[in-house]
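Note sheet for the following structure.
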Amino acid sequence: MANLSGPAAGGRGRTRARVASVLSGRPLFYSWLALTLVVLGLLVVASLPSSASLLPGLQVTLAELLIALGLFMLVARWGRLADPFFEALTFLSTLLILIVMAVGAAILVDASWPTMQQYGWGFLTGNQWVPFPPPNLPEVYSGLPVIYGTLLVAGLAMLIGVPLSLGIAMFLTELSPHVLRAPISFLIELLAAIPSVVYGVWGLIVLVPYMSANVDPWIANHLGGVPVIGGAFAPAANGLSGFNYLTAGIILAIMVIPTISSVTREAFAAVPKDQREAALSLGATRWETTRLAVMPYARRGMFGAITLGLGRAIGETIAVVLVIGNTFIVGTSLLSPGSTIAAWIANNWGEASGLQRNALLELGLILLVMSVAINVGARFLVRQSGARGGARA
Amino acid sequence: MKFDRDFRRKLLSAAVSVAALACVGIALYPLADILYTCIVNGLPAITSPGFFTLNPPLPCNNVGGQSCSQGGIYPMLQGTALLVGLSAAIALPIGILAGIYLSEYGHNRFGDAARFAADVLAGVPSIVFGIIVFSVFFELDQAGVIRAYYVLSVLSASVALALIMLPIVARTAEEALRLVPTTTREAALALGLPRYRVVLRIVLSTSRSAVITGSLLAVARAMGETAPLIILDPGNIFPMVWDPSHPTLILHSVSGSLPLGIYNDIQSAYPNWIADAWGMALVLILIMLSISIAARLALRNKFSVVMR
């Protein structure tokens with residue numbers, strides 16, 4: 001060992017120094033993990049009187065399992081088993097990700113089985129939610145208003161957020177001076193670091209009163225009377241409260257901007273310089289270069305970014321529940337209160353039990369299916385485009 | 001006329017450039033306004049004496065000129081610390097081990113499937129994780145495996161937060177480990193080291209800072225999650241007490257937490273609770289922004305993890 005560490009640590013850089021330090025036998029992460037398991041097992045044995053057991057039927061077995069696993073790992077460290085054992089450990093951790101996905105989907109199907117049995121496909125098209133019916137009448141649950149609300153609010157968020165994000169991405173890759181690129185994209189990505197509950201609080205205290213006092217009356221007065229499309233801008237039955245689809249859509253638009261703009265920016269940045277130079281040398285202006293040479297090249301990346309943003313908008317809960325008014329109706333006007341799947345679950349979970357909880361779980365299953373479909377689509381598009389952002393969203 | 005057409009084209013290009021700049025301004029305005037609003041409303045609260053050490057005040061309406069006490073947010077800080085600590089203790093070891101598998105062993109169809117599953121899981125809304133964990137704990141309770149008080153508890157909420165962190169940790173760890181050159185691994189293997197030691201002592205410690213940064217971003221994300229807590233840990237205005245004679249008791253208590261405290265208090269009718277909500281919002285923003293900024297600065301020029 002000594003003759004190895006001498007020359008190895010001397011010349012050729014860090015790798016050999018590391019190898020030397022390993023051979024000199026400093027404690028390993030692995031040993032610590034093994035020791036932790038043993039101690040954890042002993043703790044479980046020591047700390048769980050039968051009255052307060054974590055797993056009534058299994059507690060002794062579990063503790064023994066932990067101790068045995070830890071001891072085995074300690075022994076295996078010196079043995080030939082260490083390598084396959086470590087690989088198996090990492091394999092099991094990875095398997096857990098697949099198990100989570102399978103079990104999660106299965107348990108939601110199982111939990112929403114009662115309402116599936118009772119309402120069938122009618123659950124998707126009904127618009128009543130009656131958890132406490134008058135005597136002798138059955139409870140009624142259905143999903144259309146919140147499914148509609150989810151799609152409408154997410155659509156509004158895309159309508160507002162996508163042009164803004166594309167503009168930002170274009171500014172950052174094509175127009176901005178180099179000095180400003182890093183700071184501006186840093187600030188834009190800070191939008192993603194603000195927790196959603198703070199967006200909700202800001203929406204409730206700042207945006208809702210502002211919409212109610214300024215924006216909503218203007219929309220209702222100027223667009224509400226237009227034939228054909230006027231209905232979409234008419235005031236709601238309860239007036240212009242500010243709690244409506246439009247406010248929720250605006251909040252979500254702000255929240256998806258960092259996602260869409262950063263992935264689009266990466267897609268734009270991945271376009272070869274030759275593309276731009278070819279267009280510029282033909283006399284194209286900046287905008288023509290972007291439109292004709294950059295955007296077609298980055299098209300899939302852009303669509304992937306938009307789909308990722310849509311996936312985020314569709315599942316947002318807290319920011320929406322605070323500003324949308326939580327009403328179970330299919331509102332034809334953007335100024336009407338409503339709800340989304342996630343918001344409706346959050347708003348009703350506390351009081352729900354029995355069949356109502358099953359109905360909320362079925363709504364959750366619908367949301368899961370929607371978000372998985374959107375994300376699979378997004379990953380497919382982003383991967384095809386070669387933009388690096390999609391893989392780790 | 002040719003001149004006119006060129007002029008129009010240049011005008012259009014300039015107009016689009018101005019519009020793109022305006023997009024940046026429109027996006028940054030809410031950021032500035034959110035920070036400004038939280039600082040203006042939150043600063044009086046967090047500078048009041050005992051804000052970090054007292055329990056929340058009694059509801060108080062300022063009726064009849066009585067003065068309301070400001071109180072503090074100690075139970076929420078304690079709850080968030082326990083929730084984040086527990087979920088990190090569950091998710092980080094598993095996530096990093098999974099990242100090791102994906103980077104070092106998983107160049108096969110199983111690895112591709114797991115990568116795909118992690119990407120899909122990362123896009124599942126957090127409230128869905130909340131109701132999934134609720135259903136699992138509820139079924140376990142029905143089957144008699146666990147006690148009913150675990151269904152709504154710090155433990156179940158931590159499991160949900162851990163599931164939210166898991167795919168993020170695994171994928172960022174994988175990307176960090178992949179950046180270590182293959183020649184480094186080969187050099188170590190050629191010296192006769194077993195593979196697990198190469199992975200742990202050479203590969204993992206070379207990419208240590210990136211793995212830690214990715215984990216920090218995941219922790220920050222878990223800290224700000226509210227939706228799973230609405231389902232699983234519906235809030236408490238008293239601090240949890242650790243009883244050495246029943247050490248696991250604390251795991252099935254219901255805790256307060258910063259995000260849920262903000263959510264509940266901002267909707268209340270009491271001025272002193274609303275003031276506390278702003279204070280908590282400012283505290284949460286400061287913690288999350290500093291983690292995020294530190295992580296981004298540390299990661300600059302290495303790889304761009306986007307926190308979504």
Side-chain angles (χ1 to χ4, degrees), chain A residues 15 18-19 22 28-30 47 52 54-55 82-83 86-87 89-91 93-94 96-98 100-101 104 107 111 164 167-168 170-171 175 187-188 191-193 195 197-198 201-202 206 254 257 259 262 285-287 311 315 317-318 342 345-346 349 361 364 367-368 371-372 375 379 392-393, chain B residues 9-10 13 16-17 20-21 23-24 26-28 30-31 34 37 94 97-98 100-101 105 114 117-121 123-125 127-128 131-132 135-136 163 171 184 187-188 191 194-197 200-202 224 226-227 230-231 246-247 259 262-263 266 281 284-285 288-289 292 306-308:
Chain A
T15 306
R18 285 222 167 81
V19 172
V22 172
L28 295 172
F29 168 73
Y30 187 81
S47 69
L54 190 63
L55 302 160
D83 248 355
F86 180 72
E87 190 177 339
L89 198 65
T90 61
F91 176 81
S93 301
T94 314
L96 197 69
I97 295 176
L98 288 166
V100 166
M101 199 159 104
I107 196 110
L164 287 175
I168 292 167
M170 182 185 153
F171 180 80
L175 300 169
L187 283 176
I188 296 281
L191 277 172
V197 67
V198 174
V201 165
W202 181 77
V206 178
I254 301 169
I257 282 175
T259 308
S262 65
T285 61
R286 271 282 161 206
W287 165 238
T317 310
I318 300 302
I345 296 174
W349 187 265
L361 287 165
L367 182 60
L368 177 71
S371 73
V372 167
N375 278 289
R379 307 237 162 238
R392 66 189 94 83
Chain B
R9 285 172 53 216
K10 280 178 184 155
S13 183
V16 171
S17 303
L21 180 62
C23 288
V24 175
I26 293 171
L28 290 183
L31 177 70
I34 289 171
T37 318
I94 299 176
L97 283 172
I100 289 175
Y101 180 87
Y105 304 101
D119 285 349
V120 169
L121 276 185
V124 170
I127 194 160
V128 173
I131 60 176
I132 284 175
S135 305
V136 170
L163 293 186
R171 294 292 268 140
T184 310
L191 288 169
R195 196 151 175 203
Y196 78 96
R197 286 188 139 191
L200 289 175
R201 290 293 294 182
I202 314 287
T226 319
I230 289 187
I231 308 290
H246 298 285
I262 298 168
Y263 175 74
I266 199 74
L284 190 62
I285 277 198
M288 288 187 58
L289 281 189
S292 175
V306 180
M307 195 170 79
R308 302 197 175 103

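The sequence lines fix the lettering, A, B, ..., with proteins before strands; numbering per chain opens at 1. For the numbers below, each heavy atom of this structure counts, side chains included, while hydrogens, waters and symmetry mates do not.
In plain terms, the two heavy atoms of I285(B) and V198(A) that are nearest each other are CD1-CG1, 3.5 Å. Nearest heavy-atom pair across G167(A) and C23(B) is CA-SG, 3.9 Å. Taking all atoms of both residues into account, the shortest heavy-atom contact from I202(B) to A188(B) is CG1-CB, 4.0 Å. Of all heavy-atom pairs spanning A342(A) and I127(B), the tightest one is O-CD1, 3.5 Å. Contact detail for A346(A) and I230(B): the closest heavy-atom pair is O-CG2, 3.7 Å.
Heavy atoms closer than 4.5 Å to chain A are found in the side chain of T37(B), but not in its backbone. Both the backbone and the side chain of I34(B) come within less than 4.5 Å of a heavy atom of chain A. In this structure, chain B has a heavy atom under 4.5 Å from the side chain of L175(A), while its backbone stays farther away. Only the side chain of Y105(B) comes within contact range of chain A, with heavy atoms under 4.5 Å apart. Using a 4.5 Å cut-off between heavy atoms, I188(A) contacts chain B through both its backbone and its side chain. Contacts between I94(B) and chain A at a heavy-atom distance below 4.5 Å involve backbone atoms as well as side-chain atoms. Using a 4.5 Å cut-off between heavy atoms, I257(A) contacts chain B through its side chain alone, with no backbone atom that close.
With chain B as partner, the option from I107(A), T317(A), V372(A), N375(A) having the largest number of non-hydrogen pairs under 4.5 angstrom is I107(A). Interface summary for chain A: among P194(B), A27(B), G224(B), A98(B), the most heavy-atom pairs under 4.5 angstrom belong to A98(B). Top candidate by heavy-atom pairs under 4.5 Å with chain B, chosen from G104(A), G364(A), P195(A), A111(A), is P195(A). Ranked by heavy-atom pairs shorter than 4.5 Å toward chain B, the options V201(A), L96(A), T90(A) are led by T90(A).
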Would you check, one step at a time, whether the test side chain to side chain contact (heavy atoms under 4.5 Å, CB included) holds for I254(A) with W202(A)? CA-CA 12 Å; I254(A) 301 169; W202(A) 181 77; 3.9 Å; yes
What's the verdict on side chain to side chain contact (heavy atoms under 4.5 Å, CB included) for L361(A) and W349(A), showing C-alpha distance, side-chain angles and the deciding distance? CA-CA 10 Å; L361(A) 287 165; W349(A) 187 265; 4.1 Å; yes
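Between Y101(B) and F91(A), the ring planes lie perpendicular to each other; the angle is over 60°, past the 30° to 60° tilted range.
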